[in-house]
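Fair warning: this is a prediction, and the values are worked out from it, not measured in the lab. For ligands, and for the atoms within them, numbers begin at 1 and follow the listed sequence.
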Amino acid sequence: MNDAVAGPSGIERPVLANEPGDYWGSDAAALMLRELDLPYVALNPGASYRGLHDSLVNLLGNRQPQMLLCLHEEHAVAIAHGYAKVTGKPMGAIVHSNVGLMHATMAIFDAWCDRVPVFVLGATGPVDAAQRRPWIDWIHTAQDQGALVRNFTKWDDQPASVAAAAESLLRAYRMATTPPKGPVYICLDAALQESRIGALPPLPSAARFRPPSAAAPDPAALAEAAALLQAAQRPLILVGRTSRGEAEWQRRVQLAEALGAIVLTDAKTGAGFPSRHQLQGPPAGNNPSEAACALTRQADVILSLDWVDLAGALKAGWGAEPVGAKIISASLDHLAHNGWSMDYQGLPPIDLHLAVEPDIAVAALLPLLKRRPPGWPERPAATLQPPDLGDGGAITPLALAAALREAVGSRPSCLIRGPLAWAGNTWDVAHPLDALGGDGGGGVGAGPGMAVGAALALQGSGRLPVAVLGDGDFLMGATALWTAVHYRIPLLVVVSNNNSFFNDELHQDRMARQRGRPVANRWIGQRIADPEPDLGMLAKAQGGEGFGPIRRPDELPRALRAAIACVESGGVAVVDVRVEPGYAPIDSAAIARGGTD
Ligand SMILES: Cc1ncc(C[n+]2csc(CCOP(=O)(O)OP(=O)(O)O)c2C)c(N)n1
Ligand SMILES: [Mg+2]
């Protein structure tokens, strides 16, 4: 009989073992993971870490950390990414030697670009060739596995002894959680894991190796920034990568109000400022609206709070002309830049760089500022797009957004992400956890895994986790949902299904127009039809609930309400909504400038 079955909460409880007489190398590593307080390790198993796997189950009893079995390594890392986006803290992801790491790479890249901490553990077959099992240990042993991900991790290591492994894990945690945060990768030699060490060596206490406390801004630079902002006639604040903390959110509001500054936000970096606030400006981000570009041009002082692509935002306002506004930037992002990944974007002109986390700068600036009358001309209050329920025919992405908003109603919710065909200004935010933003690296297929990880972190918070995913994104990552069902993690997934990798239809459209060729062919090699995948069935096949396909606006409210009820009773629900191919009209001029992914 197998006693080690899933319990009522989906947690696999191992049969109890006797106290071990002997310890093994991987026992020390597992105890260090517990010492680091990693709550979960999402994983897909592999022989290269069978030693560590045994230690997690039979020594730690599958608690602290608890395993989350995933059907693909990309999901394991994406789950950790989604989890950290909510909590700000890392959880682990364990991937098999070389092949598992290869599967995980895109998700690691996404976490890197999103500046999110993920603690990736992996393994190699025995570095000592004399200890390798025939064939399999040879194909799963590679020289310098870290090289696969070194260009988009903060740090990697392959420790050669138990003592070195303990230090390596401590250092990795510090590196991942020190801003700018990011993924790290530790490779544990199978022979080291499987070495018998007898008695446990004393293991270091994580309390003595904590990440450094946050740096304060240079007082002179801070005073100069405060003076510039105080004297500005038309200050503009660009809220980029900021924290999910409520106190920080309040301080950002206080800063904007003290200065009468207009605030631009970017849907891909999540909720940073209340969308209904009088000072909230028009949609900005990848495809800034004409109105946002105009404000950037009219501003005399711009404060960037770790805005992704500040150079691009300034160029959108000023074109080829020198930027006329004074630029203050609060960011530590320069510390993450390397020679491989150009996710650092263009080099912006910065008159005053406060090299601190953006919310630290806000907290330090506030006491130096006196409330002043706004210098901007009177503006109408920010309005959201009016609900557009369509004409009763096809469902538009905006109609879907409106119907979803209506169905969610006044419940606290968290929009884990919106697909490309989703205008950033359609979702009202009033709390830092109301929207989490994107995946960072533009990796299609990340959505389902990130949704599961965020939902895991939101479990028990009373906040309804809602992910709106493109059909292409959903189909690439769909089996991530099995992990949510298995571990009883409630989650609502709404698929904005245009039966297409539609973003790229737009690119083919553009090419055809530029070259005078038939635009009518833009769908070829893009449409996901004939057959149309049944997305509800993909959910049901994994033990979730599937709704749809919903093809008419009048069918939407009931399906969404039923799906929400399913999630509120602990389920995983997928609603397949067939939307008209087309993007929400963010701003046609922005699209024409070459926007979209
Ligand atoms: C791994 C990966 N492959 C391909 C792409 C290129 N790409 C960008 S958007 C996109 C289409 C995504 O389709 P879907 O999720 O259905 O969104 P839609 O554009 O249809 O709203 C593709 C294929 C990518 N960004 N990442
Ligand atoms: Mg699509």
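Contact annotation: for Ser496 versus ligand 1, there are no heavy atoms closer than 4.0 Å. At a heavy-atom cutoff of 4.0 Å, ligand 1 is contacted by the side chain of Asn498 but not by its backbone.
Residues passing the side-chain hydrogen bond (donor to acceptor under 3.5 Å, both in side chains) test with Glu73, sequence neighbours excluded: His103.
Among Gly442, Pro581, Gly470, Gly477, the residue whose heavy atom lies closest to atom 17 (O) of ligand 1 is Gly470.
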Hey, can you pull the donor-acceptor pairs under 3.5 Å for the side chains in residues 555-567, sequence neighbours left out?
residue: Glu555; atom: OE1; partner: Arg551; partner atom: N; Å: 3.0
residue: Glu555; atom: OE1; partner: Arg552; partner atom: N; Å: 3.2

Side-chain atoms of residues 527-534: list all donor-acceptor pairs with protein atoms under 3.5 Å, sequence neighbours left out, distances to 0.1 Å.
residue: Arg527; atom: NE; partner: Glu505; partner atom: OE2; Å: 2.7
residue: Arg527; atom: NH2; partner: Glu505; partner atom: OE1; Å: 3.0
residue: Glu532; atom: OE1; partner: Arg578; partner atom: NH1; Å: 2.3
residue: Asp534; atom: OD1; partner: Gly536; partner atom: N; Å: 3.3
residue: Asp534; atom: OD1; partner: Met537; partner atom: N; Å: 3.0

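Inspection of the environment of the Mg ion (ligand 2) yields the following protein N, O or S atoms under 2.8 Å: Asp471 OD1, Asn498 OD1, Ser500 O.
Salt-bridge check for Arg115 with Asp306: failed, with every basic side-chain N at 4.0 Å or more from each acidic carboxylate O. A salt bridge links Arg463 with Asp434; the closest basic N to acidic carboxylate O contact falls under 4.0 Å.
Heavy-atom proximity to Asp504, at under 4.0 Å, picks out these atoms of ligand 1: 6 (C), 7 (N), 8 (C), 9 (S), 10 (C), 11 (C), 22 (C), 23 (C). Residue contact check: Met106 has heavy atoms under 4.0 Å from atoms 1 (C) of ligand 1.
Judged by distance alone, the side chain of Arg417 and the main-chain N or O of Pro448 form no donor-acceptor pair under 3.5 Å.
Where the criterion is an N or O separation shorter than 3.5 Å, residue side chain and backbone included, Met476 fails it with respect to ligand 1.
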